Peer 1: 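Before anything else, here's the structure in question.
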Amino acid sequence: MSQFIIEAVYFLTALLFIYGLKRMASPVTARSGILIAGIGMVLAVLAAFLYGFDVREAAQEHLTMNVALVLIALGLGLGWAWYSGKKVAMTDMPQMVALYNGMGGGAAAAIAATELFSGNAQSHGVVVSILAVLGGLIGAVALSGSLIAWAKLDGRMNGVIRLPAQQLINLVLFLGSLALGAYIVASGIEGGISFPLIALFFILALILGVLLTTPIGGADMPVVISLYNAFTGLAVAFEGFVLQNPAMIIAGTVVGSAGTLLTLMMAKAMNRPVSNVIFSQFGGDDGSEDGDIEGTMKPADASDAAIAMYYASKVIIVPGYGLAVAQAQHKLYEFVKLLQKQGVDVAFAIHPVAGRMPGHMNVLLAEAGVPYDIIHDLEDINEDFPQADVAIVLGANDVVNPAARHRKSSPIYGMPILNVDMARQAYVVKRGQGKGYSGVENELFFAENTSMVYGDAQKVMVQMIEAVKSLG
Amino acid sequence: MDPVTTITGFVALYIFMLAAFTGYEIIGRVPAILHTPLMSGSNFVHGIVVVGAMWALLNAGSTLEQVIGFFGVLLGAGNAAGGYVVTERMLEMFKPSDKRQGTADKE
């Protein structure tokens, strides 16, 4: 009976997950989407307690203890994650997603470990054993890889660490863990369970995740997190098969394919194939050959820029991660409202990789209350730049570098950019004269129609608001 | 010991295929503005792994299995709860122009 209830609830959960995700795909219904998926999750967890009525023989005597352990683990995991998720600043969201994702991968690897150590997976034949091993491998890589991604984005780990012959070491590790996994499957069929070998298998997988991620530069981390998100989904699906759990199979596979697609879309937005992100090892090197960029940087006052915008008829704002770091979104929107009151047509232009994840900048602007219908994607707004009187760049760099269009030697060549240089007048708000995240010199800053406003974005916005208010 | 449903062979392949298409279709038509919340939302969805970890821990027959199972449930619960909170917080901010009153000063 309990088994029937569990199966029925899992069916409902799968339905609620898919319907919830579908609703999350539109800004209008997105909020109800996560709520629906959340209800599915709560139902599934409650139903899973019914497993306690039907445990295998070896576990009978431990049942009370095991139920207590489940309650403690659930309470701790839920309490900690709920607290940290509520507390984290919007700018730090990407690393939290990485962290939670790594935890999911770790849980999948833990399931694989218990099933392999207990011999349960092996007793169900070759296919189940292979999936347990593969799910364990992918889950462990997602765990350690996501932790490295989290450490890098959170600033706990700086720079890129590269071993000599990194690719070769990674390949050897990968093949080694595969071979070990194959041996575990083969010997397990004959009833042999080698504790040290299974342990070694998981250790190799964890090291592989670390070594795959350490050489990748911070700029590429969003793609990596998205990839590990898909990995975790796949690992969950595989372990779902091992446990004969349809909810895990369906949810894991949906996330696996959706995550893969999302990863490809992100990589495409940066104009770099995924294999390139993982193996090319760009993203930490200094752009060594800057070439010869003509012109000089012209400084301007914040108030001059503000007044130019006040008397413009069309203004396009290009926000970047620097804006969010300076916590200037709220001031920016205050300024935008002043411009709108004056009748200025204001639009936001968001590059696909603005912020630290695709769509991250949209979230940060939404936090400040900017309505989403004046926020435009690259494809929608790029042709509007030539008609704009003023384009202002706040804390963005590489995504507005015209070098991506024509300078073949540039590491960012081919990346789609926002055509800020085509506006009649461009202002760039920037803390100093340094280079961008990729270490490439920006041609826009030297252009004839560009002026540089130096200063912290928050302070600059305050000055701009004052300048405009003093006018009228 | 064995669950009632047994998903084997081609039935499993059919489920994989249909679920994979479902995921592809859902994400394929999403505007870029929702990419981050959706990545976070799908991150929440694979938090379902927690129920598998619960099964493993409830069926643990040795101390080693209990320890690993405990961490499995702990990590899975973190994935599910954290994924939910973060996604919910992000989506809470998406409001069209006419409703923006009263949200601008929210921090």
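In the text below, chain A, chain B and the rest are named by the order of the sequence lines, each starting its count at 1. As the structure is a prediction and not an experimental result, all values here were calculated from the model.
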Peer 1: Which residues satisfy the side chain to side chain donor-acceptor pair (under 3.5 Å) test with A:S2, sequence neighbours excluded?
Peer 2: none
Peer 1: Heavy atoms only, distances under 4.5 angstrom: which of B:V67, B:L57, B:V73 has the most pairs with chain A? Name it, please.
Peer 2: B:L57
Peer 1: Return all side-chain donor-acceptor pairs below 3.5 angstrom for residues 76-84 of chain A, not counting sequence neighbours, or 'none' if the list is empty.
Peer 2:
{"unit_1": "A:S84", "atom_1": "OG", "unit_2": "A:W80", "atom_2": "O", "d": "3.1"}
{"unit_1": "A:S84", "atom_1": "OG", "unit_2": "A:A81", "atom_2": "O", "d": "3.2"}
{"unit_1": "A:S84", "atom_1": "OG", "unit_2": "A:Y100", "atom_2": "OH", "d": "2.9"}

Peer 1: Counting only non-hydrogen atoms closer than 4.5 Å, does A:V127 touch chain B with its backbone (N, CA, C, O), its side chain (CB onward), both, or neither?
Peer 2: neither
Peer 1: Side-chain contact test, heavy atoms from C-beta onward, threshold under 4.5 Å: evaluate it for A:M41 versus B:V51 and give yes or no.
Peer 2: no
Peer 1: What are the two closest heavy atoms between A:A30 and B:L91, and how far apart are they?
Peer 2: O-CD1, 3.3 Å
Peer 1: Please flag which part of A:E61 lies under 4.5 Å from any non-hydrogen atom of chain B: side chain, backbone, both or neither.
Peer 2: neither
Peer 1: When heavy-atom pairs shorter than 4.5 Å are enumerated against chain A, which of B:T87, B:V86, B:V50, B:T22 gives the highest number?
Peer 2: B:V86
Peer 1: Which atoms form the tightest heavy-atom contact between A:A107 and B:V49, and what is the distance?
Peer 2: CB-CG1, 3.7 Å
Peer 1: Supply the atom-to-atom distance A:I34 CD1 to B:L38 CG, rounded to the nearest 0.5 angstrom.
Peer 2: 9.5 Å
Peer 1: Applying salt bridge (Lys or Arg N to Asp or Glu O under 4.0 Å) to A:R31 and B:E88, what does each step give before you reach the verdict?
Peer 2: CA-CA 7 Å; A:R31 281 196 71 190; B:E88 213 270 336; 3.6 Å; yes
Peer 1: With only heavy atoms counted, which part of A:I225 is less than 4.5 Å from chain B, the side chain, the backbone, both or neither?
Peer 2: both
Peer 1: Which answer fits A:M248, side chain, backbone, both or neither, if we ask what part of it has an atom under 4.5 Å from a heavy atom of chain B?
Peer 2: both
Peer 1: Is it the backbone or the side chain of B:L64 that comes under 4.5 Å from a heavy atom of chain A, or both, or neither?
Peer 2: side chain
Peer 1: Are any side-chain N or O atoms of B:H46 and backbone N or O atoms of A:T232, one a donor and one an acceptor, separated by less than 3.5 Å?
Peer 2: no
Peer 1: Between B:Y84 and A:G38, which heavy-atom pair has the shortest distance, and what is it?
Peer 2: CE1-CA, 3.8 Å
Peer 1: Nearest 0.5 Å please: distance from the CE atom of B:M54 over to the CZ atom of A:F49.
Peer 2: 4.0 Å
Peer 1: To the nearest 0.5 Å, what is the distance between CE on A:M65 and CG on B:L58?
Peer 2: 12.5 Å
Peer 1: Side chains of A:V88 and B:R89: closer than 4.5 Å at any heavy-atom pair?
Peer 2: yes
Peer 1: Pick whichever of A:I6, A:T260, A:I350, A:V254 has the most heavy-atom pairs under 4.5 Å with chain B.
Peer 2: A:V254
Peer 1: Check A:S257 against B:G23 and note the closest heavy-atom contact, atom names and distance.
Peer 2: OG-CA, 3.3 Å
Peer 1: Looking at B:G76, B:A56, B:G52, which one has more heavy-atom pairs under 4.5 Å with chain A than the rest?
Peer 2: B:G52
Peer 1: Please identify, among A:L364, A:L261, A:V236, the residue contributing the most non-hydrogen atom pairs under 4.5 Å to chain B.
Peer 2: A:L261
Peer 1: Which is it for B:E92 and A:K86 under the salt bridge (Lys or Arg N to Asp or Glu O under 4.0 Å) test, yes or no, and what are the steps along the way?
Peer 2: CA-CA 12 Å; B:E92 197 184 336; A:K86 284 275 180 211; over 6 Å; no
Peer 1: Counting heavy-atom pairs closer than 4.5 Å to chain B, which one of A:M90, A:M103, A:M24 comes out on top?
Peer 2: A:M103
Peer 1: Just so I understand: if I count every heavy-atom pair under 4.5 Å between each of A:N245, A:L74, A:L63 and chain B, which residue has the most?
Peer 2: A:L74
Peer 1: If you look at every heavy atom in B:N43 and A:V97, which pair is closest and at what distance?
Peer 2: ND2-O, 3.6 Å
Peer 1: What closest approach, in Å, do B:I48 and A:A44 show between heavy atoms, and which atom pair accounts for it?
Peer 2: CD1-CB, 3.7 Å
Peer 1: Can you establish whether the number of heavy atoms outside A:F202 located under 6.0 Å from its atom CZ is more than 12?
Peer 2: yes
Peer 1: Before giving the answer on side-chain hydrogen bond (donor to acceptor under 3.5 Å, both in side chains), spell out for A:N229 and B:S42 the whole-Å C-alpha distance, their side-chain angles and the decisive distance to 0.1 Å.
Peer 2: CA-CA 8 Å; A:N229 188 38; B:S42 60; 3.1 Å; yes
Peer 1: Begin with the C-alpha distance, continue with both residues' side-chain angles, and end with the deciding distance and a verdict on side-chain contact (heavy atoms from CB on, under 4.5 Å) for B:F70 and A:I72.
Peer 2: CA-CA 9 Å; B:F70 181 82; A:I72 296 172; 4.0 Å; yes
Peer 1: Between A:E239, A:Q60, A:E334, A:E115, which residue shows the highest count of heavy-atom pairs closer than 4.5 Å to chain B?
Peer 2: A:E115
Peer 1: If you measure from CG on B:N59 to CD on A:E57, what distance do you get to the nearest 0.5 Å?
Peer 2: 11.5 Å
Peer 1: Any idea which of B:A80, B:G69, B:S62, B:A60 has the most non-hydrogen atom pairs under 4.5 angstrom with chain A?
Peer 2: B:A60
Peer 1: Which residue out of A:A237, A:A230, A:A14, A:S118 racks up the most heavy-atom pairs below 4.5 Å with chain B?
Peer 2: A:S118
Peer 1: Is atom OH of A:Y19 surrounded by more than 12 heavy atoms (other residues, nucleotides or ligands) closer than 6.0 Å?
Peer 2: no
Peer 1: Could you grab the distance from atom CZ of B:F44 to atom CG of A:L21, nearest 0.5 Å is fine?
Peer 2: 9.0 Å
Peer 1: State the CG-CD distance between A:L69 and B:Q66, to the nearest 0.5 angstrom.
Peer 2: 5.5 Å
